[in-house]
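Everything numeric here is computed off the predicted structure, so don't read it as measured data.
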Amino acid sequence: MILSDADILERLEAGDLVVEPLDDPELQIQPASIDLRLGREFLEFQRTNIPCIHPNSEREVDEYVTETIVEDGDDFILHPGDFVLGTTHERVEIPADLIAHVEGRSSLGRLAVVVHATAGLCDPGYRGQITLELSNLGTAPVALTPGMRISQLTFTELKTEAERPYGSERGSKYQDQDGPQASRIQSDDEFGGDQLERDR
Ligand SMILES: Nc1ccn([C@H]2C[C@H](O)[C@@H](COP(=O)(O)OP(=O)(O)OP(=O)(O)O)O2)c(=O)n1
């Protein structure tokens with residue numbers, strides 16, 4: 001079951017679903033979703049000195065990225081073909097009986113700007129800001145203004161609560177992320193992540 005505006009409000013008021021700050025509920029709560037705003041931090045890949053991003057490497061992916069913080073009144077220009085990580089302004093807390101879907105907004109889609117390449121799910125139990133995988137699939141640069149509504153979240157009720165929700169108990173690596181976070185794929189078990197963490 002997908003939550004309607006009334007269901008979303010009810011869950012926000014009950015306090016187990018959190019989206020904060022929700023600066024303008026009237027504007028942001030849509031018929032069956034919540035619009036999320038763009039934060040001011042962006043991570044861009046440095047193309048010049050990357051031999052290859054290898055999940056098995058001891059070099060963290062975030063060594064290959066540079067951060068840009070957009071000042072008040074400025075924009076981030078997303079050029080055709082660019083891929084950068086952005087963040088939602090809001091942080092969310094998803095209860096154990098809901099899953100949230102990160103979706104684009106039609107108005108941005110019509111400008112060829114997409115908000116995720118492949119990762120569109122926020123797990124039950126997830127807490128933190130949401131990292132956006134921003135790309136411009138069009139042919140003209142597009143200005144992105146921090147604070148603009150960039151994305152929308154929909155919520156689906158699970159048949160039963162997740163038994164092992166996202167979080168530290170299962171070693172979830174993006175729990176409580178603050179700002180855009182580069183991939184932490186090196187800490188996946190299949191790439192010897194725990195060993196790498198111990199060796200550091
Ligand atoms: N566009 C997105 C999608 C998801 N997330 C957050 C919420 C998810 O609950 C969390 C983990 O997402 P996945 O389970 O898809 O990612 P991994 O499987 O790589 O992470 P983990 O091993 O921690 O489960 O990342 C995010 O910040 N931005």
Side-chain angles (χ1 to χ4, degrees), residues 2-44 65-79 82-95 98-138 140-156 166 174-182:
I2 296 173
L3 301 196
S4 71
D5 49 3
D7 301 325
I8 291 171
L9 264 173
E10 200 175 295
R11 297 298 293 254
L12 289 172
E13 276 162 16
D16 58 345
L17 171 64
V18 174
V19 176
E20 62 180 15
L22 192 55
D23 292 329
D24 191 342
E26 188 87 354
L27 182 71
Q28 287 178 258
I29 299 179
Q30 297 289 317
S33 64
I34 301 187
D35 283 349
L36 299 182
R37 298 181 187 278
L38 180 65
R40 59 173 67 242
E41 305 105 336
F42 297 86
L43 294 179
E44 295 171 72
V65 297
T66 50
E67 186 182 53
T68 300
I69 299 181
V70 175
E71 301 293 334
D72 282 345
D74 283 351
D75 297 318
F76 184 91
I77 309 298
L78 193 63
H79 288 269
D82 269 359
F83 175 78
V84 303
L85 299 179
T87 181
T88 58
H89 171 60
E90 296 82 3
R91 68 179 287 283
V92 302
E93 290 183 18
I94 312 297
L98 293 183
I99 191 159
H101 299 257
V102 184
E103 309 280 4
R105 289 184 64 217
S106 179
S107 300
L108 271 298
R110 292 166 203 231
L111 300 176
V113 172
V114 297
V115 295
H116 72 76
T118 184
L121 287 185
C122 289
D123 292 280
Y126 175 73
R127 296 190 312 247
Q129 289 176 312
I130 297 170
T131 294
L132 301 171
E133 303 147 5
L134 295 163
S135 277
N136 179 350
L137 305 180
V142 177
L144 300 179
T145 309
M148 72 191 285
R149 286 174 294 135
I150 186 96
S151 166
Q152 57 185 324
L153 265 195
T154 64
F155 305 93
T156 305
Y166 201 82
Y174 303 110
Q175 187 71 316
D176 291 316
Q177 69 184 352
D178 188 16
Q181 299 295 309

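- Applying the 6.0 Å contact sphere to CG of L121 captures more than 12 heavy atoms from other residues, nucleotides or ligands.
- For the pair I130 and S151, the minimum side-chain heavy-atom distance is 4.5 Å or more.
- Side-chain atoms of T131 come within 3.5 Å of backbone atoms of Q181 as a donor-acceptor pair (strictly under, hydrogens ignored).
- Side chain of D75 to main chain of I77: no donor-acceptor pair is present (N/O by atom type, distance under 3.5 Å, no hydrogens or angles).
- The side-chain heavy atoms of L85 and V65, taken from C-beta on, include no pair separated by under 4.5 Å.
- Without hydrogens or angle criteria, Q177 side chain to Q129 main chain gives a donor-acceptor distance under 3.5 Å.
- The 12-atom threshold is exceeded at CD of E67, counting heavy atoms of other residues, nucleotides or ligands nearer than 6.0 Å.
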### Task
Please report the C-alpha distance between E90 and L153 in whole Å, then the side-chain angles of each, then the deciding distance to 0.1 Å, and finally whether the side chain to side chain contact (heavy atoms under 4.5 Å, CB included) criterion is met.
CA-CA 11 Å; E90 296 82 3; L153 265 195; over 6 Å; no

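- Expressed to the nearest 0.5 Å, how far NE2 of H89 lies from CE of M148 amounts to 14.5 Å.
- Within the 3.5 Å criterion, the main-chain N or O of G104 finds a donor-acceptor partner in the side chain of Q152.
- Proximity of a side-chain donor or acceptor of Q175 to a complementary backbone N or O of G125 within less than 3.5 Å is detected.
- The shortest distance between side-chain heavy atoms of P95 and R11 falls below 4.5 Å.
- Within the 4.5 Å cutoff, the side chain of R37 has heavy atoms near those of the D24 side chain.
- For the pair I150 and L134, the minimum side-chain heavy-atom distance is below 4.5 Å.
- Checking side-chain atoms of Q28 against main-chain N and O of L36 turns up no donor-acceptor pair under 3.5 Å.
- Taking CZ from R105 and CG from L111, the interatomic distance works out to 10.0 Å, rounded to the nearest 0.5 Å.
- Counting only distance, with no hydrogens or angles, the side chain of Y166 and the backbone of Y174 share a donor-acceptor pair below 3.5 Å.
- Here I29 contributes atom CD1 and L3 contributes atom CG; the two are 11.5 Å apart, rounded to the nearest 0.5 Å.
- Heavy atoms only, all atoms of each residue included: S135 and F83 are closest at OG-CD1, 3.5 Å.
- A salt bridge between D74 and R40 is absent, with no side-chain N of the basic residue lying under 4.0 Å from a carboxylate O of the acidic one.
- In this structure the side chain of I34 never reaches within 4.5 angstrom of the side chain of V92, judged on heavy atoms.
- No hydrogens or angles considered: nothing links the side chains of T118 and E133 as a donor-acceptor pair under 3.5 Å.
- T88 places no side-chain N or O within 3.5 Å of a backbone atom of L38 that could act as its donor or acceptor partner.
- Using a 4.5 Å cut-off on side-chain heavy atoms (C-beta onward), L108 and V115 make no contact.
- Side-chain contact between F76 and V84: present, with at least one pair of heavy atoms (C-beta onward) separated by less than 4.5 Å.
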